[in-house]
Amino acid sequence: MQYLTKNAEIKEVIGKLAAAKTLWLDTETAHWNAPDPKISLIQVLAEPEDLTGDRAYIIDVLNKPDLVEEFISQVMENPEIEKVFHNAKYDVKFLGKERAKNVTCTYKIARKRKRARLQVPNLQLKTLAEHLCHFSNVDKSEQASDWGQRPLTPKQLQYAKMDVVYLAQVHRRLLEIINLAESDNIVNLAQTVNNNFTPTKVRLAFECPRLFYLHQRFGGNTLFLPKDAATGIGKAFHNLAEQFVNLAQKSLEFKNLFEPAAEQLKVEQIALRMQQLFYRLAFYPYLHQQEQSLAPGILRIWEGLQGLIRRWAELLVVNRRYCSAETVMNKTFVTQSRKLEHNFNLPDGSQQRVVGEFDCLIYNCERDRLCVVEFKTYKPEDTSAQLAQVSLYSYMLKEKQNVPVDSAVYCVLPEFKEYYYPWEQLENTVHSLIPHKLQQMRQWLTWESGQPNPPPSTIQPHLCQICPQREKCQTFFDVADGNDREAEPPI
DNA sequence: TTATGCTTTATAGCGCACCG
DNA sequence: CGGTGCGCTATAAAGCATAA
């Protein structure tokens, strides 16, 4: 350690320090409690690998404002020199304030990273030196001693030199820790990409892996629509169907329909009354808040709703035998969160998360079964893919609540038609088909143009004729895999 | 494509920990 | 003691991802 008290040697050292790239600095002040504290020492370390403080300078600047000024102008103002302090604000107050350039504060760094990684009780330099570096028995007892006295005690000088040693080490460790944390963040960020599948995507992958691939990579439509593009019908229907459930549960008029004894209830009559009620309470108001442009579609929606209500009337009449008029609605229409998620174990040992939400959940008292309902507002072209989709809903709900769950698909347009899949049938589908399919889907998505084994085209040639991305599929896969199309079934 | 909800961003106030 | 500025919290707004 060099303890500098003579003006000439101090000036010489300041001149040397002015050429440094980085300096680790600390100051001691006298009379910190008084109205005008005075700076007493400037400790400087230019060689951070010094663990003993032997290479540290202790510059005595008590009552030497001209030397302080020289230090400020030569070192503090020089933006080429990085000045590292702990709680820099305090020291900089005595060393040029806003004139100081390129100042680093380890206290600030530590605060920024405290929550993320640092496991320390507090952020004092002493604590950081002990917890982050290999120092023990860091003595801070001199910190608040009288730095205005001369001569300074050996203990004070020892403390003064070690402070910058701790500072340099703590600074180095903090930078290491930051780098670690940031590279971790990058990794985490990269893994945040969407790697979930949904039952809808699984259905699509069953219908046509290529369409699934194109949609996933480039977006675009996925619906196999025959020709009449009945736009917006699906959304409107889903909304209205949900409104019906809400109304049925809340409105007394619906409840009153089921007051008579179960044997006296006639499905046709109930259905008609519910249709009328729904028309008056929900559909008519809906009609009038819509633009007239939907007029052609709106009629079809009403037809679909009538079919739906008719079907539900049957179910309600059955359920009425098992419960009261008050409870039949709440019992039949299960309104809980429709969101589902499940991690599937794949054949290759990995896992795949599937998330999704179903349309509607009903309960059949007679069968003592829940049933997930999926609405379709167009003619289904591939019922096995549809089965795959609803089997996922059933399975995921069953896993969540640990009761068997049936599935139904209501094709409400062009006329009401129901597909019903009892759980016993679905369970087998899920176990035998889904894990393999999920694994395939994952592989398909990693396929790049030019590689072998592209996602195969649908095995149902008639779908290609109504495929919404027919041209894209042809050009993309023709270029990528010229002779592959030859192997496909003729359309 | 659209509705929904979760995430990010914006804003502001406040307490607190740091230095000697 | 005293100045400071960061992070935490609460709240609101905007953006983004996602599901069908």
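Keep in mind that this is a model prediction, so the values were computed, not measured. Residue numbers start from 1 in every chain, and the chains themselves are labelled A, B, ... in the order their sequence lines are given, proteins ahead of strands. Just so it is clear, the values below take in all heavy atoms, side chains as well, and ignore hydrogens, waters and symmetry mates.
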Pairs under 3.5 angstrom only: tabulate donor-acceptor contacts from the side chains of residues 410-423 of chain A to other protein residues two or more places apart or in another chain.
unit_1    : atom_1 : unit_2    : atom_2 : d
Glu418(A) : OE1    : Arg311(A) : NE     : 2.4
Tyr420(A) : OH     : Asp406(A) : OD2    : 3.0

Which residues satisfy the salt bridge (charged side-chain N to carboxylate O under 4.0 Å, His left out) test with [X], sequence neighbours excluded?
X: Arg172(A); answer: Glu176(A)
X: Lys38(A); answer: none
X: Glu47(A); answer: Arg55(A)
X: Glu303(A); answer: none

Where along residues 94-106 of chain A does a heavy atom come under 4.0 Å from DNA chain B, residue by residue in number order? none

Rounded off to whole Å, could you give me the [atom1]-to-[atom2] distance for the [X] and [N] pair?
X: His238(A); N: dT4(B); atom1: NE2; atom2: C1'; answer: 15 Å
X: Arg338(A); N: dT4(B); atom1: CZ; atom2: P; answer: 10 Å
X: Glu357(A); N: dC6(B); atom1: CD; atom2: C1'; answer: 13 Å
X: Leu392(A); N: dA19(C); atom1: CG; atom2: P; answer: 13 Å
X: Lys89(A); N: dG2(C); atom1: NZ; atom2: P; answer: 18 Å

Reckon Lys93(A) touches a base, only the sugar-phosphate, or nothing at all at heavy-atom distances under 4.0 Å? nothing

Inter- and intrachain pairs under salt bridge (Lys or Arg N to Asp or Glu O under 4.0 Å), touching residues 67-77 of chain A, at least two apart: Glu69(A)-Arg99(A), Glu77(A)-Arg99(A)

Using nucleotides 16-19 of chain B, report all nitrogen or oxygen pairs with the protein that are shorter than 3.5 Å.
unit_1  : atom_1 : unit_2    : atom_2 : d
dC18(B) : OP1    : Leu123(A) : N      : 2.4
dC18(B) : OP1    : Gln124(A) : N      : 3.1
dC18(B) : OP2    : Gln124(A) : NE2    : 3.4
dC18(B) : O4'    : Tyr107(A) : OH     : 3.3
dC18(B) : O2     : Asn87(A)  : ND2    : 3.4
dC19(B) : OP1    : Leu125(A) : N      : 2.9
dC19(B) : O4'    : Asn87(A)  : ND2    : 2.8

Walk me through it: do Leu25(A) and Phe71(A) pass the test side-chain contact (heavy atoms from CB on, under 4.5 Å)? CA-CA 12 Å; Leu25(A) 299 166; Phe71(A) 187 83; 4.0 Å; yes

With sequence neighbours excluded, what pairs up with Tyr395(A) under the ring-ring contact (aromatic ring centres under 6.0 Å, His included) test? His342(A), Phe344(A), His431(A)

